[in-house]
There are 2 protein chains.
Amino acid sequence: MNKDIPDDVATFPMSVVKELTQLTGRQIRYYEEQGLVKPARNEGNRRVFSLNDINRLKKIKSLIDQGINIAGIKAMLKDK
Amino acid sequence: MNKDIPDDVATFPMSVVKELTQLTGRQIRYYEEQGLVKPARNEGNRRVFSLNDINRLKKIKSLIDQGINIAGIKAMLKDK
DNA sequence: TTGATTTGTAAGATAATCTAACATAGTAAT
DNA sequence: ATTACTATGTTAGATTATCTTACAAATCAA
């Protein structure tokens with residue numbers, strides 16, 4: 001009945017992503033700084049995340065929880 | 001591969017809902033005041049919308065564009 | 001014309017997010 | 001053990017987003 005929102009369309013603000021991923025804002029920004037995620041920005045320079053971004057962050061969170069460091073995660077997520 | 005977000009979970013901020021529905025903030029707040037939508041609120045009293053909310057607003061927008069007034073829309077959307 | 005409906009706009013307050021900087025615990029290397 | 005690096009926390013100050021309330025204006029109905 002409805003058109004849903006594609007996985008690559010950025011619609012989620014930081015607050016929601018923090019809840020959904022169980023990551024802190026600091027962590028999310030750091031992972032972006034490390035090139036692990038590249039959330040879009042709105043006109044006011046606020047980050048806006050897609051479902052793809054969120055799933056990627058969940059994956060990162062999982063790997064972090066397994067004790068894998070950023071270098072390892074970079075290697076594992078080098079592709080899509 | 002991914003768990004998506006259920007239609008009734010509130011994750012969208014005003015800014016995104018305005019874009020997705022082509023409604024103004026004023027309109028959205030007015031429709032809420034008229035009982036046509038009931039978005040959730042976060043801890044800071046900001047509105048947070050679910051996909052169901054957005055689809056309902058799109059329906060309202062469509063009816064408004066057809067020249068139907070609030071009373072008419074209320075009648076038509078009285079049920080779920 | 002009068003009154004109600006619907007939306008715009010503005011003001012002032014509060015919340016959310018941003019960047020940059022410094023602090024710190026943990027890990028690895030020397 | 002000391003040093004250096006990694007990953008995250010915390011704080012500060014600035015900027016953006018959203019909230020409520022009020023008043024204005026346009027539209028529609030009586």
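Every chain is numbered from 1 and lettered A, B, ... according to where its sequence line falls, protein lines coming before strand lines.
- The side chain of B:Arg41 lies closest to D:dC19, out of D:dC19, D:dA17, D:dT18.
- Nearest heavy atom pair, residue B:Lys18 against residue B:Thr24, reads CD-C, 4.2 Å.
- Rounding to whole angstrom units, CD of residue B:Gln22 and C1' of C:dT7 are separated by 16 Å.
- A:Arg26 has no side-chain polar atom (N or O) that falls below the 4.0 Å cut-off from OP1 or OP2 of C:dC18.
- The distance from atom CD of A:Gln66 to atom C1' of D:dA7 is 17 Å, rounded to the nearest whole Å.
- At least one side-chain nitrogen or oxygen of A:Arg47 sits closer than 4.0 Å to the OP1 or OP2 atom of C:dC18.
- Across the protein-nucleic acid pair, A:Asp65 atom CG and D:dA7 atom C1' stand 14 Å apart, rounded to whole Å.
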Which protein N or O atoms sit under 3.5 Å from an N or O of nucleotides 3-6 of chain C?
| from | atom 1 | to | atom 2 | distance (Å) |
| --- | --- | --- | --- | --- |
| C:dT6 | OP1 | B:Ile70 | N | 2.8 |
| C:dT6 | OP2 | B:Tyr30 | OH | 3.1 |

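- A heavy-atom distance below 4.5 Å is not found between the side chains of A:Val17 and A:Asp53.
- Separating the NZ atom of A:Lys18 from the C1' atom of D:dT8 is a distance of 14 Å, rounded to the nearest angstrom.
- In this model, the phosphate group of C:dA15 is not approached by any side-chain N or O of B:Asn42 to a distance below 4.0 Å at OP1 or OP2.
- In this structure, A:Leu63 is a member of the same hydrophobic cluster as A:Leu20, with clusters built from ILVMFWY side-chain heavy atoms closer than 4.5 Å.
- Between A:Glu32 atom CD and D:dT8 atom P the separation is 15 Å, expressed in whole Å.
- The separation between B:Ile60 atom CD1 and C:dT7 atom C1' is 15 Å, rounded to whole Å.
- Closest contact between the side chain of A:Arg46 and the listed nucleotides D:dT18, C:dG8, D:dT15 involves D:dT15.
- Screening A:Arg47, A:Lys38, A:Gln27 for a side-chain hydrogen bond (donor to acceptor under 3.5 Å, both in side chains) involving A:Glu32 leaves a single residue, A:Arg47.
- Residue order along DNA chain C, read from the 5' end via each residue's closest nucleotide, puts B:Thr24 first among B:Thr24 and B:Gly44.
- Note: CD1 (B:Ile28) to C1' (D:dT20) measures 16 Å, nearest angstrom.
- Residues B:Val16 and A:Ile54 fall within the same hydrophobic cluster, defined by Ile, Leu, Val, Met, Phe, Trp and Tyr side chains chained together at heavy-atom separations under 4.5 Å.
- Under 3.5 Å, the side chains of A:Asp65 and A:Ser62 contain no donor-acceptor pair of N or O atoms.
- At the heavy-atom level, B:Arg29 lies under 4.0 Å from base atoms of the strands shown.
- When rounded to the nearest whole Å, the span between CE of A:Met14 and P of C:dT17 equals 8 Å.
- Each of C:dT9, D:dT20, C:dT17 was ranked by its minimum atom distance to the side chain of A:Pro13; first place goes to C:dT17.
- In this structure A:Glu43 satisfies the side-chain hydrogen bond (donor to acceptor under 3.5 Å, both in side chains) test with no other residue, sequence neighbours excluded.
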